[in-house]
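Along the sequence shown, residues carry numbers from 1. For ligands, and for the atoms within them, numbers begin at 1 and follow the listed sequence.
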Amino acid sequence: MTLAGRMFDLVVAANRLPVDRVGQGGIGWRRSPGGLVTAMEPVMAGRDGVWVGWAGESGPAPEPFTENGLHLHPVSLSPVEMREYYEGFSNGTLWPIYHDVMIPASFHRGWWNTYRTVNHRFAQAIVEVAAPGATVWVHDYHLQLVPGMVRALRPDVRIGWFNHIPFPPVELFAQLPWRRSLVEGVLGADFLGFQRTADAENFLRVCRRLLAMKTDSDTVTFTSPGEHPTVRTVRASAIPISVDFKGLDALARTPQVIARAAQIRACLGNPETLMLGVDRLDYTKGIRHRLKAYQELLQDKVITSPQVTLMQVALPSRENIDAYRQLGQEVDGTVRRINGKYSALDSAAVQYLHQSYPRPEMAAMFLAADVMLVTPLRDGMNLVAKEYVTCRHDLGGALVLSEFAGAWHEMHEAFICNPHDIEGLKQTIMGAITAAEDERRRRMKALRKRVADHDVQWWASLFFESLASAPLKPHRPTHASDRQQRGVERANSADQGASESASERSSH
Ligand code: G6P
């Protein structure tokens, strides 16, 4: 079906489309990685909207097309843009800053310029397909300038932005030489959604402390830049993302998935305890800490393999970025060391799987695992935690969850750990392994109820309602002081892109 020229009342924009081109030159499509796609796919499935995003390879964008009932509108990225906008500014500058600077962030003015160029391309693509008065929902840190750019091009549409990752404390955000432009960019939206209240509060604090904007409860008053400034009030609040509980629960109940779960356990020699980790291979996910804890438990003979086996699925991610390649090598080395020392002839102590799997296979793995290890050092939400409990209709299994995952705020009945504290992590893992059946079931029941009550459709409805009730009417500034304040802040701001000097940057 051709989509060319069609306009939509709902336009979703995210860096990635829900499907990626497979193979150079594109021989087919496969599901894109990450929580954003997991959540948004079922949301879009029930709505006649269009998804604007990148198709996962460089070069000209494919024509708009429909895949599995989803209308997709690809945006192109050149090889340089992939390097500078995606790997560079999005994942080498913003990602580390937004994740506690676990690795140093890199600041390059060239990356910033490319980020602006690509954001502008997304904004253009959005306005091309947005019907008059459409709802435009922009996602994540890759597209923070898009709300402001769309508003400038099409003041008739209603714009929401949702940040899937943490929003950093003001002290970290302040490092960004382009901090004002980034904030002004998202403030082009009518409503801003965050995973946790703490993220929304961090954002409001940035507006107040760094940019001298007025905030009141969960709103910020923003005077737009430009010749004819307008004053708008924008709400920023927490709406925690979730999973398609009904769909995934039904999948995990199918005889095929149940049989496959038993088969997986049998393949691994029917261990007494099968532990599972499922993560993108990302330094934020705490995979190294998890392996260290497991290795020490084996070393201390608190557990033995194959009675206890760890299956670690590490989905390939951002492999052109040094920090990710290095992590991959470290994890490979650690897995080899653990297996060399603790594996039995017929079963590995760590089953390490560096590839992605279809949903039914993932559901089977979740159903097979006695203990699920979700131990990120920092994570916006972590939908794997919610997927795991969704699949446990049998009330079996135990979830070990880091207090640094956004999911922790809703999942207190999990076995909670601080992954930096290796001793504590070992104790928590042992607590989950040895917990009485009754206790596990009680915890799992509560966790499942929470996710069932707050599933992804609940999340999307709440987002749409918040966006629909966002204050609409912009007005002209009434006080000279509004403009004056902006003048002072402008002079201090060092976010003028290519024209910015090194001394301006170091003034932050
Ligand atoms: C996180 C981000 C998503 C991103 C996903 C996968 O979940 O919030 O926006 O798509 O990671 O990362 P990738 O770089 O492969 O898109």
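Between W137 and F464, the distance separating the two ring centers is shorter than 6.0 angstrom. For F194 and F162, the gap between ring centers reaches or exceeds 6.0 Å. Y141 has its ring centre no less than 6.0 Å from the ring centre of F167.
There is no side-chain donor-acceptor pair under 3.5 Å between N113 and Y85.
Atom numbering of ligand 1 starts at 1 in the shown order; those under 4.0 Å from a heavy atom of L36 are 9 (O). Atoms of ligand 1 found under 4.0 Å from any heavy atom of R16 (numbered from 1 in listed order, with element): 13 (P), 15 (O), 16 (O). Set against the non-hydrogen atoms of D140, the atoms of ligand 1 under 4.0 Å away are 2 (C), 3 (C), 8 (O), 9 (O). Under a 4.0 Å criterion applied to the non-hydrogen atoms of P33, ligand 1 contributes the atoms 6 (C), 15 (O). Distances below 4.0 Å separate heavy atoms of H142 from the following atoms of ligand 1: 9 (O). Close approach of ligand 1 to G35 is summarised as follows: ligand atoms under 4.0 Å from at least one heavy atom of the residue are 7 (O).
Of the polar atoms of Y86, at least one N or O is found under 3.5 Å from an N or O of ligand 1, judged by distance alone. For a threshold of 3.5 Å applied to N or O pairs, the pair formed by W95 and ligand 1 contains no separation below that value. Inclusion of H164 in the set of residues having an N or O under 3.5 Å from an N or O of ligand 1 is not warranted. The distance criterion of under 3.5 Å between nitrogen or oxygen atoms is met by R318 with respect to ligand 1.
Ring-plane geometry between H420 and F404 is classed as perpendicular, the angle between the planes exceeding 60 degrees on a 0 to 90 degree scale with a lower cut at 30. Under the 30°/60° scheme for interplanar angles, the aromatic rings of H71 and F8 are found to be tilted.
R16 and D20 are joined by a salt bridge, as a carboxylate oxygen and a charged side-chain nitrogen come within less than 4.0 angstrom of each other.
At least one test fails for R392 against the ring of F366: distance under 6.0 Å to the centre or angle within 45° of the axis.
Residue R280 places a heavy atom less than 4.0 Å from ligand 1.
Contacts between I165 and ligand 1, counted as non-hydrogen atom pairs separated by less than 4.0 Å, involve the side chain only.
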